[in-house]
Structure formats: structure tokens, C-alpha cells
Amino acid sequence: MRHMDVVNVVGSGSLDVEIELSQLVDDLDSSIADYDPDKYPGVYLRFSDDTPLITIYRTGKYIVTGAESREQAHRYRDRFLNLLTEMGVTSDTSNTSFTIQNYVFVADLEKSQNLEALAIGLGLEQTEYEPEQFPGLVYRPTDASCVLLIFASGKTIIAGATSEETAQRAFADMQETLEQYQLN
DNA sequence: TGTAACCGCACTTATATACAACGCGTGT
DNA sequence: ACACGCGTTGTATATAAGTGCGGTTACA
């Protein structure tokens, strides 16, 4: 199979405890935390440049975005929980939830594509291609819960999968369809 | 001053999250 | 007629891909 790279992983979880956000921000190092309730209701926490962003809400729910892998998302989630426990904001977080909600992949068909022909081959009902609106073709497979954006260069984005396997299978299935119609 | 080159940005997709503001419906 | 609740929309976050647009810069 042609290679696929994960470029973004999004996960969400809950601390199961309400958080006083202004207090939390006061206790955090201002270099890692940002909070502007007039602009957005969540607190942004980033440990350092090029690491995932964690957004924390009043309800205790939080999101991890911008991770490069499932492992990295979990690693920074753990680091976040440890920090809150050290600060005394939370006590026992061992049974709190955390789920990967979205994977974004970049793949390459390694061959330029005729998107008009591709729309027909993949099925007009499953595709959207409006080059004046956006240069990529949007493909929504009926049997996979993810979306593929295919570009004339052959570069492809797979978004919305909740597992790496789902995305990989969707990309492989699409390539198979292209072969069937000899579009590749 | 004109033109060319370049930069930054919005376009679209998914997803969790929350809050404001809006429309619309129903009940009082 | 008014109040209340619910649904929806826009706001913000990350991330890649292409195209086109506007603005800025540089040079002749």
C-alpha cells in the first residue's frame, strides 16, 4: 500500500470535575496557558511549541488537538492530568475517559488525477467536485465513516476516521475502485 | 509609476468542546 | 402577547491538500 502519514490526531476526555478556569489560569505558567473568555470559553494549554494543544472547559471536559500520533495524544493527555493532580485541581484521574475522535492523514496516489473522471468512477452521489469552490474532490465512501479529499496531483487527505485502520482501509478501497475503472 | 514576484490568507474536510445569539415553536 | 426552552449557527483549535485573491515588496 502506498504510504499514509498521520498529520493530526484529535482526542477528547473528561476530568469528571468542574473547573474554575480563571483560577486554573492563575495557577498555571502564563507561558503555557491562554484564556480569553470574551473570545472563547475554553482555556488553551500548550506545554511547548510543536506539541499538541489542550483546550479545557468549565465542565471539566477537554480536547487534545494537533498530535502527530495516537501515542503522542495520550502522552500529552497524561502529562496534562499529572500537572492538574500536582496542582491539586484533580485527585484521582485514573478512571477518567479519553477517546481519539479524529485522525487526519495525508496520502499520495503518486499519479496525477483527472478529477472529473474520478467523480464518475467513484460515483457522483458519493463525490463533490466544484473546482471554483475548492480544488479538491470530496469523496464520501458509503461503507466507511471517513471522508477523502483527492487532488489533481494525486495527493489525498483522509479525515474523520476514529481509527488508523478505518482510514487505511478506506484509502485502499478507493485505490481498488480506481483500478477497477482503470482511472489510475 | 508600472509590472512582476512573492507572501499570507481563505477556501474544504473531520472532530471534540462551550458559549453567545438567533429563530421558532409551544404553553401560559 | 409574552416567556421559556430547544435547535441551529457562528465563534475557536489542529492539520494536510489546490487555487485564487489581495496586499506588499522590489526592481526597472
Side-chain angles (χ1 to χ4, degrees), chain A residues 2-22 24-25 32-77 80 96-116 118-119 122 126-142 144-171 174:
Chain A
R2 292 178 177 81
H3 86 183
M4 285 174 70
D5 285 333
V6 180
V7 293
N8 185 24
V9 178
V10 179
S12 66
S14 177
L15 300 168
D16 292 341
V17 169
E18 284 226 0
I19 305 293
E20 178 59 56
L21 296 183
S22 7
L24 174 68
V25 171
I32 64 165
D34 254 314
Y35 182 45
D36 185 353
D38 293 330
K39 199 176 165 208
Y40 194 70
V43 168
Y44 298 125
L45 190 156
R46 197 194 305 264
F47 288 105
S48 49
D49 292 341
D50 300 315
T51 63
L53 175 73
I54 300 172
T55 311
I56 309 109
Y57 301 94
R58 176 192 54 78
T59 58
K61 291 185 177 180
Y62 62 94
I63 315 172
V64 177
T65 54
E68 296 166 345
S69 66
R70 185 195 73 87
E71 289 72 22
Q72 195 192 35
H74 276 272
R75 204 154 58 236
Y76 278 87
R77 179 254 184 171
F80 167 61
T96 60
S97 63
F98 185 66
T99 312
I100 299 300
Q101 306 282 3
N102 183 25
Y103 279 95
V104 181
F105 283 85
V106 178
D108 195 348
L109 294 167
E110 291 166 359
K111 198 167 186 184
S112 62
Q113 303 290 319
N114 177 337
L115 300 184
E116 291 286 356
L118 212 59
L122 291 173
Q126 285 83 249
T127 58
E128 293 169 39
Y129 179 47
E130 293 173 55
E132 293 195 359
Q133 189 182 27
F134 189 69
L137 178 152
V138 180
Y139 173 47
R140 298 168 195 275
T142 47
S145 56
C146 64
V147 174
L148 295 88
L149 308 183
I150 307 157
F151 296 84
S153 63
K155 292 282 184 65
T156 302
I157 303 295
I158 301 99
T162 51
S163 75
E164 300 193 29
E165 206 256 325
T166 299
Q168 283 163 355
R169 195 173 57 240
F171 184 57
M174 182 205 62

When all nucleic acid strands are considered with a 4.0 Å heavy-atom cut-off, which category describes Ile157(A): base, sugar-phosphate, or nothing?
base

Angle by which the axis turns from one end of the helix from dT12(B)-dA17(C) to dT28(B)-dA1(C) to the other, five pairs per end, to 10 degrees
40°

Candidate pair Phe134(A) and Glu128(A), rule side chain to side chain contact (heavy atoms under 4.5 Å, CB included), full reasoning
CA-CA 10 Å; Phe134(A) 189 69; Glu128(A) 293 169 39; over 6 Å; no

Provide the start and end nucleotides, 5' to 3', of the part of DNA chain B that has atoms under 4.0 Å from heavy atoms of chain A.
dC11(B) to dC19(B)

So what does Val10(A) touch, heavy atoms closer than 4.0 Å: a base, only the sugar-phosphate, or nothing?
base

Nearest whole Å is fine: how far is dT15(C) C1' from Glu164(A) CD?
15 Å

DNA chain C: Asn8(A) or Tyr57(A), which has the more 5' nearest nucleotide?
Tyr57(A)

With syn defined as a glycosidic angle within 90 degrees of 0 and anti as anything else, the base of dG18(C) is syn

Return yes if some donor-acceptor pair links the side-chain N/O of Thr99(A) with the main-chain N/O of Gln101(A) below 3.5 Å, else return no.
no

Return the value, rounded to whole Å, for the distance between atom CG of Leu21(A) and atom C1' of dA12(C).
15 Å

Can you see whether Tyr57(A) engages Tyr40(A) through a side-chain donor-acceptor pair at a distance of less than 3.5 angstrom?
yes

How many Å lie between CD on Gln113(A) and C1' on dA17(C), as a whole number?
14 Å

Check every strand shown and say whether Ser12(A) touches a base, only sugar-phosphate, or nothing at a heavy-atom separation below 4.0 Å.
sugar-phosphate

Is there a side-chain contact between Leu118(A) and Thr127(A) in this structure, where contact means two heavy atoms from C-beta onward sitting under 4.5 Å apart?
no

Is the count of non-hydrogen atoms from other residues, nucleotides or ligands lying under 6.0 Å from Glu71(A) atom CD greater than 12?
yes

Sugar-phosphate only, base, or nothing, as touched by Val7(A) at under 4.0 Å among non-hydrogen atoms:
sugar-phosphate

Could you give the CG-to-C1' distance, from Asn102(A) to dA12(C), as a whole number of Å?
16 Å

Other residues, nucleotides, ligands: >12 heavy atoms within 6.0 Å of Gln72(A) CD:
yes

Between dA17(C) atom P and Asp5(A) atom CG, what is the distance in whole Å?
10 Å

Polar contact flag, side-chain donor to acceptor under 3.5 angstrom, Thr96(A)-Arg77(A)
yes

Of all heavy-atom pairs linking Cys146(A) and Gly160(A), the shortest is CB-C, 4.1 Å

For a quick check of understanding: with a heavy-atom distance under 4.0 Å over all strands, which category does Ser153(A) fall into, base, sugar-phosphate or nothing?
sugar-phosphate

Identify whether any heavy atom of Glu132(A) sits under 4.0 Å from a base atom; if not, whether one sits that close to sugar-phosphate; answer base, sugar-phosphate or nothing.
nothing

Given dA16(C), dG18(C), dT13(C), identify the nucleotide with an atom nearest to the side chain of Pro135(A).
dG18(C)

Round to the nearest Å and state the distance from Gln72(A) atom CD to dT15(C) atom P.
10 Å

Could you tell me whether Phe105(A) and Phe171(A) have their ring centroids closer than 6.0 angstrom?
no

So how far is it from Lys155(A) NZ to Leu109(A) CG, rounded to the nearest 0.5 Å?
11.0 Å

Any residue in residues 35-49 of chain A with a heavy atom nearer than 4.0 angstrom to DNA chain B? Just list them by number, or reply none.
Tyr40(A), Pro41(A)

How are the rings of Tyr62(A) and Phe98(A) set to each other: parallel, tilted or perpendicular (split at 30° and 60°)?
parallel

Are any side-chain N or O atoms of Ser69(A) and backbone N or O atoms of Ala67(A), one a donor and one an acceptor, separated by less than 3.5 Å?
no

